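Structure, as structure tokens:
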2 protein chains.
Amino acid sequence: MQEEILSRREREKLWQRQEMLTAAIALFSENGYHNVSMSEIAKKSEFAIGTLYKFFKNKEDLYRSINIELSEKFDEAITEALLGTGDEIERLQNYVKVKGAIFMDNVSVVRLYFAETRGASFNIKAGLDIEIRQKIERHLQHLALIFESGIKKGRFQRIADPYYLAVSLDSLSSTFLHLWLDAPEQHPYPEDPDVILNILFRGLLDS
Amino acid sequence: MQEEILSRREREKLWQRQEMLTAAIALFSENGYHNVSMSEIAKKSEFAIGTLYKFFKNKEDLYRSINIELSEKFDEAITEALLGTGDEIERLQNYVKVKGAIFMDNVSVVRLYFAETRGASFNIKAGLDIEIRQKIERHLQHLALIFESGIKKGRFQRIADPYYLAVSLDSLSSTFLHLWLDAPEQHPYPEDPDVILNILFRGLLDS
DNA sequence: GCGCAATGTGAAGAACGGTTCACATTACAG
DNA sequence: CTGTAATGTGAACCGTTCTTCACATTGCGC
């Protein structure tokens, strides 16, 4: 990642580009793709419409750029958590914690991310959500491996197929993030990852 | 629910209305609100555009009607399952089963329902998703009561706040339905509700 | 059959929004 | 300071789509 070999001008352009993306993120995540016009983005970012088109081929390209950068950022953090050191339980705890942290740090884009991630995304003709879905699928496979390893070692009961356990944990953590998004003070995303993990770890029945 | 005091004409209009809604559902759930035009709906339903406007104030009203009828239908079935007879476990089993059944029977609209239900809904200016959310909130409260009752009676361990258990079960069942939607043969929605419920019932740790 | 009311029709109107491009402004080398 | 290239601008263009409404068709009581 060489970043220092950029000229002043290049750095400025990068900065301008980021300004545009930031403005667009705010608008898109508030109103959705179709309810945001290029002129609104222009006004908010304080550039002219034509300038936007110097940076992005068209509106769809702008939107795509946002989502790709977003998903890469998220992907990096989550992958790191999943590959990190520690036993199965620690890794799962890490996953829940990191996922929470990265979402907290990017509140304004979380709505956008969920819109592209869950439910059907009708914003883009085709292709974008596939890329994102592939990243998520990789996470799920990683998670499944952790569960499988725990089961093999006798640490975990095999209460469901490892892949389904992975999907379940992903779903549960996203759901808690949703609760938090809707009412942050009422439903804080738990500091302690075990609040979420215990739903899997402990059983409602027996003890 | 008196339905027989309708004239032939009134029944016909109701039927026509349903034809329009059916065509619109197919298009919306395939392409999303903004990617479907009134003329497409007109063509598919085999009415003229002007006729659509005799039945619905505008496009948004048409969309709103779909979602309201949809959510009422779902609400009825789910509420019945939650209020039905049986102990706590049977009620939960019923909930999972009924939710699965009603979604299976309405495949074409499930995508639409998820789009309005999960993630952010940007299709409608405001208000629609609030109505639907209130219905879902009622279900969650019901579910929470069941969990609470089970805990009070000592049938369930208190592994989490009852409301969070409710949210978790809702999330898990929706997630399994999502899997099924994406790849029906690969991930059949389980006949046996305990496949899903065991994720809550049994614990990964201990036995 | 007749005539009126109810219903159905789709071309035209109006608004909106993505994209373009000729021009203005700025940056910078010589 | 000058001239040229790079960059920035936004009015105008154009396609799309929602909505209206004057007219056509149908249904029905007499």
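Basis for what follows: all heavy atoms, side chains included, without hydrogens, waters or symmetry-related copies. Bear in mind the structure is a predicted one, so any value in this text is a computation, not a measurement. First the proteins, then the strands, lettered A, B, ... as listed; each starts at 1.
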What donor-acceptor contacts under 3.5 angstrom involve side-chain atoms of residues 139-147 of chain B, with partners at least two apart or in another chain?
{"from": "B:His139", "atom 1": "NE2", "to": "B:Asp75", "atom 2": "OD1", "distance (Å)": "2.7"}
{"from": "B:Gln141", "atom 1": "NE2", "to": "B:Glu137", "atom 2": "OE2", "distance (Å)": "3.4"}

Nearest-nucleotide wise, let me know which of A:Asn58 and B:Gln16 is further upstream toward the 5' end of DNA chain C. B:Gln16
Closest to the 5' end of DNA chain C, once A:Glu40 and B:Glu46 are matched to their nearest nucleotides, is B:Glu46
Taking every non-hydrogen atom, the tightest pair across B:Ser173 and B:Ile196: CA-CD1, 4.3 Å
Rounded to the nearest angstrom, tell me the gap between atom [atom1] in [X] and atom [atom2] in [N].
X	N	atom1	atom2	result
B:Ile41	D:dT17	CD1	C1'	12 Å
A:Asn31	C:dG17	CG	P	12 Å
B:Met38	C:dG13	CE	P	20 Å
A:Asn35	D:dC18	CG	P	13 Å
B:Lys43	D:dT17	NZ	P	11 Å
B:His34	D:dG15	NE2	C1'	18 Å
A:Asp61	C:dG18	CG	P	14 Å
A:Lys57	C:dG18	NZ	C1'	14 Å

Under the criterion ring-ring contact (aromatic ring centres under 6.0 Å, His included), I'd like the reasoning laid out for A:Tyr164 against B:His187: C-alpha separation, chi angles, the key distance, then a yes or no. CA-CA 10 Å; A:Tyr164 290 150; B:His187 301 297; 5.6 Å; yes
Charged N-O contact under 4.0 Å between B:Glu40 and B:Lys44: no
Which listed nucleotide (C:dT7, D:dG8, D:dG10) is nearest to the side chain of A:Phe55? D:dG8
From C-beta outward on B:Thr51, which listed nucleotide comes closest to its side chain: C:dT19, C:dG8, C:dG10? C:dG8
Would B:Lys59 count as a cation-pi partner of B:Tyr33, with NZ or CZ less than 6.0 Å from the six-membered ring centre and within 45° of the ring normal? yes
For A:Ser37, which contact category applies under a 4.0 Å heavy-atom criterion: base, sugar-phosphate, or nothing? sugar-phosphate
For a quick test of your reading: what N or O donor-acceptor pairs under 3.5 Å do the side chains of residues 103-110 of chain B make, sequence neighbours left out?
{"from": "B:Asn106", "atom 1": "OD1", "to": "B:Lys73", "atom 2": "NZ", "distance (Å)": "2.8"}
{"from": "B:Asn106", "atom 1": "ND2", "to": "B:Ile102", "atom 2": "O", "distance (Å)": "2.6"}

Short side-chain N/O contact to D:dT17 OP1/OP2 from B:Ser39, under 4.0 Å: no
Please round to the nearest 0.5 Å and tell me the distance separating atom CZ of A:Arg91 and atom CD1 of A:Ile89. 12.0 Å
Can you pull every protein N or O that's under 3.5 Å from an N or O on nucleotides 21-28 of chain D?
{"from": "D:dC28", "atom 1": "OP1", "to": "B:Arg8", "atom 2": "NH2", "distance (Å)": "3.2"}

Contact nearer the 5' end of DNA chain D, comparing B:Lys59 with A:Phe47: A:Phe47
